[in-house]
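Here's the structure we're looking at; comments come further down.
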Amino acid sequence: MDFLSTLNPPQREAVVETEGPLLILAGAGSGKTRVITYRIVYLIAERNVAPHNILAVTFTNKAAQEMRERVEKLSSGFGQRSAPLISTFHSLCVRILRQDIQALQEGYTRSFTIYDQDDSVRLIKACIKDLGYDDKQLGQRAVQSAISAAKNRGDDAESYAAHVEYGDEKRSAIARVFRLYEERLRNNNALDFDDLIIKTVQLLRRVPEVRERYNDKFKYILVDEYQDTNSLQFALIRFLTEKQQNICVVGDEDQSVYKWRGADITNILNFEQHYPNAKAIRLEQNYRSTQNILDAAGSVVKNNTERKGKTLWTANPAGESIRYYQAFDGDAEARFVAAKIEEHRRVNPNLRAAILYRTNAQSRVFEEALRRSRIDYNIVGGFSFYERAEVRDIVSYLKLAMNPHDSIALMRIINSPARGLGKQTLDEIERRAKDYAVSHWETIALLTDGSTPGLSPRATTALKNFQKIITDLVTATTSAASSDSPVSDVVKAAILDTGYANALKAENTDEAEARVENLQELVNAAVDYDAQDGGEGLRDFIDHAALVSDSDQYKQDAPVTLMTVHSAKGLEFPLVFIVGLEDGLFPHSRSATDPAELEEERRLAYVAITRAERFLYVSHAMKRRVYGEEMASEPSQFLNEMPLELMEDLSRGASWLSFARKSSTLENKHAIRALKGLGENARPEKIYTGKTYDSADSIAEFFRKRGQQMNPSAAQPDPPVIRRAAASSSPSGSSRPASRSSNSSGASSSATGDFTPGSHVRHPKYGRGLVLRREGTGDSAKLTVSFPGFGQKKLIEKYAGLEKA
DNA sequence: GAACTTGCTGAATTG
DNA sequence: CAGCAAGTTC
């Protein structure tokens with residue numbers, strides 16, 4: 001088969017080893033997607049496997065979409081009648097459940113509703129309220145993520161409750177919310193995202209007949225980004241491969257960046273134990289990036305200890321140096337990026353560019369700068385189309401039309417547009433629904449048929465009105481389903497016949513007009529859906545709306561794409577800007593306390609760098625608005641981990657980079673002196689800073705300082721060049737009793753008063769740092785200090801042993 | 001019941 | 001600086 005000749009030997013092996021378990025360790029840019037797609041086509045064309053016996057699973061729609069397109073392109077000409085199933089974990093599960101969920105016998109029907117995170121939070125909020133908990137103490141979001149984390153660990157409400165330690169009020173409250181939440185989901189015939197996987201696993205575990213059927217169906221299974229699978233996804237794959245063992249997984253441990261979502265890296269590390277006859281193939285040749293870019297990526301990620309180690313190499317030329325820019329503030333950084341894009345465009349108008357940031361909130365300044373420069377851009381993430389309020393409203397109408405017991409959907413739209421059903425009435429409905437233990441829809445029926453008094457005549461009329469709107473929509477939906485009429489007609493009905501469009505038009509504002517346009521866009525989506533063959537009706541359309549996510553708006557040919565590093569995984573661009581490389585931002589401050597999380601941040605930096613094919617820019621700003629407040633920021637330690645000699649400094653004036661370079665030669669000198677045994681006397685002036693050591697405290701301080709002097713990294717002067725992030729060390733000072741008392745000695749306490757934000761301090765262990773924030777006063781004063789190379793630390797002023805610098 | 005005002009708290013990454 | 005929740009006014 002001639003297309004194999006375009007592959008290198010390990011790639012070819014990965015394609016033709018079709019039988020039995022196979023692990024493909026594929027480094028960044030090593031042609032992973034290519035191998036998967038070729039493998040699928042090879043199975044069909046050379047091994048005569050029926051396409052419908054092949055399943056390929058990905059995490060994102062984007063990846064699935066790309067794979068589908070590439071398979072189609074490669075196999076155009078073979079004229080297959082069926083296509084392989086290339087799907088995300090979630091849509092695979094929806095597919096299975098829509099078919100077989102009744103076999104679980106938990107009361108769920110095939111017309112179950114899918115709750116996305118927003119719906120799920122709403123339901124949790126209601127549960128918190130109904131259990132009488134203070135929603136300030138029990139943040140809805142926090143509870144939602146605790147429950148989701150538990151579910152992904154494989155815990156249900158019962159086992160979560162069983163693990164709560166005695167006296168842990170918060171957890172036991174969460175446990176009760178969890179239980180109620182599950183109960184409500186069931187009453188609403190609804191599944192949240194996690195349930196989609198959980199229920200499928202339960203189904204396969206408990207019902208041998210179903211398990212067997214899917215085992216027979218999916219004879220060859222491929223899993224992409226295997227390092228990101230969690231225990232549930234692992235279980236799912238295990239069950240699906242029980243009978244046959246033709247499982248091929250592809251992944252890269254250096255690109256594991258979803259631990260926070262429960263991804264379990266041991267799935268890939270122990271694959272060979274899970275599937276004893278497994279073969280492993282490593283793809284180590286990178287085709288994407290220049291040598292310099294690859295060197296930068298490698299030199300950052302090698303600072304991680306939790307890794308097997310892999311040598312990625314390339315035959316590509318060294319290429320351009322990495323360009324570095326230190327900006328005055330966030331705006332200046334954005335202007336710099338826009339200017340550079342223009343500059344590149346003048347030489348090469350078609351150079352695709354990506355701007356990668358750590359958090360979505362950073363996108364705004366870049367959008368503004370690009371708009372000012374009249375550069376077209378495409379944004380991935382943030383609020384997606386299907387997350388817009390008006391779109392969600394209409395989707396809720398449609399969900400309700402298919403499942404009137406979906407109380408979340410009902411409560412969402414019962415009074416939008418406003419139809420005279422205010423808080424009073426809604427509270428009444430909620431109360432009764434709870435009392436009677438029936439759905440809100442049934443409660444409404446009880447309230448309007450006259451059998452249940454309690455509502456004002458006005459409210460009853462309004463409620464009847466609403467009831468009619470929904471029953472009409474239900475009729476329209478069912479008749480459309482039976483007559484096979486287009487989905488777009490029903491969508492139009494949901495927009496027009498509910499009075500939604502009219503209410504918007506009556507507003508007569510620009511904003512309302514934009515909303516109308518968005519709804520028009522939804523109708524267009526439905527028309528598109530109708531046009532493609534294989535559409536399965538409204539239900540399928542709505543499932544799509546629920547499972548589609550922001551990263552799916554990625555347009556491959558957009559000239560400039562803005563997105564988070566997470567959403568950039570799997571993509572490549574000739575020109576890449578990694579922005580906001582600052583301590584506390586990237587690496588993110590929430591990762592500061594846990595070394596494992598810092599390693600994940602570092603892998604994320606690795607992912608970001610390896611997106612670049614030819615040009616890579618890295619930048620940071622010296623100050624930035626956070627919470628609407630200007631905050632000083634220090635360069636990211638990851639910058640320090642890049643090979644400084646490969647970097648070209650484009651900053652105006654003296655930058656951190658020029659500093660870092662000087663001090664690294666300085667450091668080398670120190671190192672040489674230390675080797676010659678002169679280290680101890682290297683900087684005597686630092687020991688005798690004009691103080692007389694005349695008290696016990698002062699003498700203790702002398703020994704403390706001398707102790708640091710022995711430790712070269714602690715003795716580093718300004719912009720220290722740190723070899724390795726010392727994330728494991730805890731903020732010191734408190735561990736050193738002597739320092740505590742020394743601080744109360746007259747000499748240093750005079751300086752204690754003015755550690756104000758913006759001033760510099762010197763810490764016995766971390767060296768020079770910048771005070772970012774000061775909270776509290778007196779003995780309890782806490783400082784947030786950023787130490788270049790060590791990250792941000794929270795210190796108790798009294799114990800930290802700080803000096804003014 | 002709806003529209004408006006104030007005041008508070010809180011953002012990491014995703015299907 | 002948001003976005004949201006509770007309070008206030010019409």
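Computed from a prediction, not measured in an experiment: that's the story for all the values here.
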Self-check item: Test: A/Glu253 and A/Arg603 ion pair at under 4.0 Å
Solution: no
Test item: side-chain donor near acceptor, [X] and [Y], under 3.5 Å:
X        : Y        : answer
A/Glu430 : A/His440 : yes
A/Thr229 : A/Asn267 : yes
A/Asp195 : A/Tyr115 : no

Rounded to whole Å, please give me the gap between [atom1] in [X] and [atom2] in [N].
X        : N      : atom1 : atom2 : result
A/Met631 : B/dA11 : CE    : P     : 16 Å
A/Asn61  : B/dG15 : CG    : C1'   : 8 Å
A/Ile114 : B/dG15 : CD1   : P     : 15 Å
A/Arg590 : B/dG10 : CZ    : C1'   : 9 Å
A/Glu387 : C/dG3  : CD    : C1'   : 15 Å
A/Leu426 : B/dG1  : CG    : P     : 9 Å
A/Gln362 : C/dC1  : CD    : P     : 18 Å
A/Lys199 : B/dG15 : NZ    : P     : 23 Å

Exercise. Report yes or no: is the ring centroid of A/Trp260 under 5.5 Å from the six-membered base ring centroid of B/dT13, with the two planes under 30 degrees?
Key: yes
Quiz item: Stacking check: are the rings of A/His566 and B/dA12 less than 5.5 Å apart at their centres and under 30 degrees in tilt?
Solution: no
Quiz item: So, does the side chain of A/Arg458 form a donor-acceptor pair with the base of B/dG1 at under 3.5 Å?
Solution: no
Would you mind classifying the nucleic acid contact of [X] as base, sugar-phosphate or nothing, using non-hydrogen atoms under 4.0 angstrom?
X        : value
A/Arg364 : sugar-phosphate
A/Phe89  : nothing
A/Thr425 : sugar-phosphate
A/Gln233 : nothing
A/Ala361 : base
A/Gln117 : base
A/Glu597 : base

Quiz item: Is it true that a side-chain atom of A/Asn230 and a backbone atom of A/Leu232 form a donor plus acceptor pair closer than 3.5 Å?
Solution: yes
Quiz prompt | Considering all heavy atoms, the nearest A/Asp543-A/Ile114 contact | solution = OD1-CD1, 3.4 Å
Quiz item: Which comes earlier along DNA chain B counting from the 5' end, the contact point of A/Ser591 or that of A/Leu421, where each point is its nearest nucleotide?
Solution: A/Leu421
Distance below 4.0 Å between [X] side-chain N/O and [N] OP1 or OP2:
X        : N      : result
A/Arg261 : B/dT14 : no
A/Asn415 : B/dA2  : yes
A/Ser91  : B/dG15 : no
A/Ser567 : B/dT13 : no

Exercise. Could you check A/Lys423 against A/Arg625 and say which one's nearest nucleotide on DNA chain C is further toward the 5' end?
Key: A/Arg625
Looking at [options], which one has an atom nearest to any side-chain atom of [X]?
X        : options                : value
A/Thr88  : B/dG15, B/dA12, B/dA2  : B/dG15
A/Glu601 : B/dA12, B/dG15, B/dT14 : B/dA12
A/Gln424 : B/dA11, B/dT13, B/dG1  : B/dG1
A/Lys125 : C/dA5, B/dG15, B/dA12  : C/dA5

Quiz prompt | Nearest-Å distance once atom P is located in both C/dC4 and B/dT13 | solution = 16 Å
Quiz item: Which value, in whole Å, describes the distance between the C1' atoms of nucleotides B/dA11 and C/dA6?
Solution: 22 Å
Quiz prompt | A/His544 vs A/Tyr529, ring pair (Phe, Tyr, Trp, His ring centres under 6.0 Å): CA-CA, chis, key distance, verdict | solution = CA-CA 10 Å; A/His544 175 74; A/Tyr529 179 85; 7.3 Å; no
